[in-house]
Amino acid sequence: MAHVIKTQEDYLAVYKQSIENPETFWAGVAEGFTWKKKWDKVVEWNFNEAEAKWFTGGKLNITENCIDRHLATKANQTALIWEPNKPTDEARKITYQQLHDEVCKVGNMLKAHGVKKGDRVCIYMPMVPEAAYAILGCARIGAVHSVVFAGFSAGSLSDRINDSGCKIVLTTDGAYRGDKTINLKAIVDEALQRSPGVVKVIVSAHLQSKPAMQQGRDFSWEEEMSKVPAQCEAEEMDAEDLLFILYTSGSTGKPKGMVHTTAGYMVYTNYTFKTAFQYREGQVYWCTADVGWVTGHSYILYGPLSAGATSVMFEGIPSWPDWGRFWQAIERHKVNIFYTAPTAIRSLQQAPLSFIEKYDLSSLQVLGSVGEPINEEAWNWYNEHIGRNNCPIIDTWWQTETGGFMISPIANVTKLKPAFASFPLPGVQPAIMNEAGEELTGNNVEGRLTIKFPWPAMARTIYGDHQRFKDTYFSTFPGKYFTGDGSKRDDEGYYRITGRVDDIIIVSGHNLGTAEIENAINEHSSVVESAVVGYPHDIKGQAVYAFVICYEMPKEADKLRAEIKEMVSKIIGPIAKPDKIQFVSGLPKTRSGKIMRRILRKVAEGETSNLGDTTTLLDPNIVEEIKAGAIK
Ligand code: WTA
């Protein structure tokens, strides 16, 4: 097969073919799936209108490709290994046959509750197998899943439910997180006070905590599942029918419901999973992300399952009961491919090596990283202590919007450079642009990263707001998709992602919009206005620094800080809490009223001497005050 990549020469040849003849290339990849009807046209696109369609005319169901087609040979192979929060509780192994049955039952249960093809279903669940059944169960019947990360607050949940018009929520009574429990059902109840469109809630008993159930609205997952058969016809979906909506933070305004469709997403997540990790039959693969994020969607579920892999789902956290938790699970399940985030690596790096040495990590063959730029130190530590200098590190750069890996090394093929995502995968055509909007060709360049040709898993729109999609991604550099990231291309053509160039900050791998955090802070009755920026943090990558103007300078500053943090936690979720809050009497604004964030960023980074040109400021004196009060 033309697509097999074993050497760098193969990669170059396949890449060239994928660029010169994308239709032939992607048609070749798509051949390998189960189609109810083959596509008519591989790709149709117009980036000036922010449009792309893949495999048009094709009919399929993604769950047939993730489950049914494996049953002939793999019915008894483990599809999912569920590792619980508490290491002494028993892990669960779910075979492809069992996965089939559970997914069919969810499909039938949803139908019994009135869910039809095209309806949106909100899933607010922790990392339990039921979350996987819920997601795939929606796809089985053509319902659109909208998973909301179970760390989000009631307010965030409600906003997402309302924006996507969900009438039903699938949840659990609660979640374990280390030694804590989180009462998810109570959060759902609170959210639904502001989401009157929701008429049904189905609650799985994970904690067995017997939450209050509202008669007529709330149902027991276990009871409902016991009433329905384990056979459910897979709905015939058009290639471009919606598969899911997943929210991501925007640099302004409310979160964006990124829309992903069926065929392109399936083909791409499968291809990139197999290519980047060089997945081989029989390997055990573990991605530590949460199913509430795109990494969980694409690389715990759809990519690995469509490849027939065994995928681990872990409910817990790396630090509990101790810092050996990940390594213990790797030994326990003989994990071959391990995929995690730089923030986890940096926190694990702080713990004594004895937590690693206790466990046998010899099963590991490939390591992965995702979510933010990985610094060289963390890369080297991961390579030496986890990979024992014997596992390639696959630093995958991609986004919720891209659906799958875009720039990434290929395991055992690409010569690695620490902290470089390296080269575009086949089919991906990056272009680095300068601020004047010109493409910087050749090597040794740095600028803004764009993509100039469509790829199958790209988001198709923002749910309900195509204009915003166009404005956000296709207007900065007309005719190109703008990623919001900066990138270098070095003298050998390797890409190194340098980080966001917009008002998104990435805290422990979670994208947060500064505007969203400011809006939450401004809800506090003492606050007039605020400005939020990111600053470098040893473990989290970036942390949140808030400059806050109050009606009067607070007398009990620490008390107010605690209240503001609580406010943000309540409105968005604990992940968005500011790390540092500085009370100021004003913000550095230009005469046109625009906050000069560049200055605030420098202060937050601890730089006070060289703040650049401040002459356009309305009141340059404010900068002195801010510098003097900076929080170290
Ligand atoms: C950042 C997560 C450097 C980047 C899959 C991107 C990375 C944003 C990497 C998307 C990486 C992700 N190296 N930066 N390997 N992976 N990013 O939507 O800024 O949660 O734009 O998707 O994370 O985050 P998202």
Side-chain angles (χ1 to χ4, degrees), residues 147-149 151-152 244-251 255-260 265 268-269 272-273 276-277 287-300 302-303 339-346 367-376 378-379 382 393-409 414 416-425 428 430 448-451 457-459 462 472-473 476 481-488 494-514 534 536 540-542 575-576:
V147 181
V148 178
F149 172 58
F152 274 123
F244 66 87
I245 302 169
L246 185 61
Y247 287 85
T248 188
S249 293
S251 47
K256 302 169 288 196
M258 304 313 307
V259 169
H260 283 282
Y265 177 82
Y268 195 78
T269 52
T272 49
F273 170 74
F277 293 133
C287 164
T288 69
D290 192 283
V291 286
W293 307 115
V294 74
T295 310
H297 283 57
S298 301
Y299 298 107
I300 295 177
Y302 289 114
Y339 184 37
T340 194
T343 187
I345 298 167
R346 287 189 299 263
L367 301 177
S369 172
V370 62
E372 57 186 303
I374 180 165
N375 48 312
E376 244 171 275
W379 196 100
Y382 196 29
I393 296 179
I394 307 308
D395 177 7
T396 60
W397 172 81
W398 61 295
Q399 312 177 295
T400 305
E401 294 86 339
T402 70
F405 307 155
M406 299 293 282
I407 300 182
S408 168
T414 311
L416 302 174
K417 279 192 194 182
F420 281 79
S422 80
F423 301 114
L425 287 170
V428 175
R448 300 183 170 213
L449 182 61
T450 66
I451 313 287
M458 62 184 285
I462 292 174
T472 310
Y473 302 105
T476 317
Y481 167 80
F482 176 42
T483 63
D485 282 320
S487 178
K488 289 181 186 168
Y494 279 70
Y495 287 79
R496 179 180 189 147
I497 309 300
T498 50
R500 301 291 310 189
V501 293
D502 55 10
D503 289 325
I504 302 243
I505 48 187
I506 306 191
V507 180
S508 299
H510 305 313
N511 293 11
L512 300 168
T514 52
K540 300 181 187 186
Q542 281 188 297
I575 49 175

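Model, not experiment: these values are computed from the prediction. Heavy-atom basis, side chains included; hydrogens, waters and symmetry copies ignored. One-based numbering, in listed order, for ligands and for the atoms of each.
Proximity of Asp485 to Trp397: side-chain heavy atoms (C-beta onward) are separated by under 4.5 Å at one or more points.
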Which atom pairs, donor and acceptor, lie under 3.5 Å between side-chain atoms of residues 288-296 and protein residues at least two apart or in another chain?
unit_1: Thr288; atom_1: OG1; unit_2: Thr340; atom_2: OG1; d: 2.8
unit_1: Asp290; atom_1: OD1; unit_2: Gly292; atom_2: N; d: 2.7

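With sequence neighbours excluded, no residue satisfies ring pair (Phe, Tyr, Trp, His ring centres under 6.0 Å) with Tyr495. Under the ring pair (Phe, Tyr, Trp, His ring centres under 6.0 Å) criterion, Tyr382 pairs with no residue, sequence neighbours left out.
Using modelled atom types, one finds no donor on one side chain facing an acceptor on the other under 3.5 Å when comparing Tyr247 with Thr400.
A donor-acceptor contact shorter than 3.5 Å links the side chain of Gln542 to the backbone of Ile506.
Protein residues are said to neighbour a ligand when one of their heavy atoms lies under 4.0 Å from it; for ligand 1 these are Val294, Thr295, Val370, Gly371, Glu372, Pro373, Asp395, Thr396, Trp397, Trp398, Gln399, Thr400, Asp485, Ile497, Arg500, Ile506, Asn511.
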